[in-house]
Amino acid sequence: RAAKINAMKLYNKHCNACHDKKGKPTDFGKELATTDFTDKDWQASTTNEKIVKQITEGTSEKMLPFKDKLSVDEIGALVPVIRNFAKK
């Protein structure tokens with residue numbers, strides 16, 4: 001059985017340069033036009049599959065791909081974390 005993934009710990013470790021603990025862009029993230037995860041319109045228009053693809057492949061010149069740093073399960077575990085920011 002796979003160990004339980006601490007998705008918030010992963011988020012804080014890998015995402016915090018561009019996204020703060022509340023899901024908003026950091027100052028550095030703002031320079032890269034980072035997504036604001038608290039934006040309800042963005043949340044409504046983005047699929048879970050698109051979030052997984054974004055984390056896995058990144059975006060040229062903006063977001064690094066995490067496919068070599070995180071497992072498929074770890075990337076999948078980040079989706080509910082990202083979704084949860086809209087509920088606050």
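In this text the structure is predicted, and so the values were computed from the model without any measurement. Along the sequence shown, residues are numbered consecutively beginning with 1.
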Handout entry: Nearest heavy atoms of Ala7 and Ala77, plus distance in Å
Key = CB-O, 3.2 Å

Handout entry: Residue pair Ile82, Ile55: steps toward the side chain to side chain contact (heavy atoms under 4.5 Å, CB included) verdict
Key = CA-CA 11 Å; Ile82 291 166; Ile55 297 168; 4.0 Å; yes

Handout entry: pair Arg83-Val79: side-chain heavy atoms closer than 4.5 Å
Key = yes

Handout entry: Exam field: side chain Thr46 to backbone Gln43, donor-acceptor pair closer than 3.5 Å
Key = no

Problem - Lys21 side, atom NZ; Cys15 side, atom SG - distance, nearest 0.5 Å - result: 11.0 Å

Please tabulate, one pair per line, all N/O donor-acceptor pairs under 3.5 Å involving side-chain atoms of residues 60-72, not counting sequence neighbours.
{"from": "Ser71", "atom 1": "OG", "to": "Asp73", "atom 2": "N", "distance (Å)": "3.4"}
{"from": "Ser71", "atom 1": "OG", "to": "Glu74", "atom 2": "N", "distance (Å)": "3.0"}

Handout entry: Parallel, tilted or perpendicular: rings of Phe85 and Phe37 (30°, 60°)
Key = parallel

Practice task
Identify the heavy atoms of Pro25 and Gly29 that sit nearest to each other, and give their distance.
Solution key: CB-C, 4.2 Å

Exercise for the section: Flag yes if Tyr11 and Trp42 sit in one hydrophobic cluster, no otherwise; membership is Ile, Leu, Val, Met, Phe, Trp, Tyr, and two members link when side-chain heavy atoms are under 4.5 Å apart. Expected result: yes

Problem - Test item: Asn12 side-chain N/O and Met8 main-chain N/O as donor-acceptor pair under 3.5 Å - result: yes

Problem - ILVMFWY network linking Ile51 to Ile5, side-chain heavy atoms under 4.5 angstrom - result: yes

Completion exercise
d(Thr34 OG1, Asp27 CG) to nearest 0.5 Å is 11.0 Å

Handout entry: Donor-acceptor contact below 3.5 Å, side chain Thr26 vs main chain Ala17
Key = yes

Problem - Audit row: Asp36, His19, side chain to side chain contact (heavy atoms under 4.5 Å, CB included) steps and yes/no - result: CA-CA 8 Å; Asp36 179 351; His19 307 275; over 6 Å; no

Exercise for the section: Consider only side-chain N and O atoms of Thr38 and Lys24, and report whether a donor and an acceptor are under 3.5 Å apart. Expected result: yes

Practice task
Please report the C-alpha distance between Asp39 and Thr35 in whole Å, then the side-chain angles of each, then the deciding distance to 0.1 Å, and finally whether the side chain to side chain contact (heavy atoms under 4.5 Å, CB included) criterion is met.
Solution key: CA-CA 8 Å; Asp39 181 333; Thr35 299; over 6 Å; no

Practice task
Could you grab the distance from atom OG1 of Thr56 to atom CD of Glu49, nearest 0.5 Å is fine?
Solution key: 11.5 Å

Handout entry: Leu78/His14 under side chain to side chain contact (heavy atoms under 4.5 Å, CB included): CA gap, chis, key distance, verdict
Key = CA-CA 10 Å; Leu78 287 169; His14 295 285; 6.0 Å; no

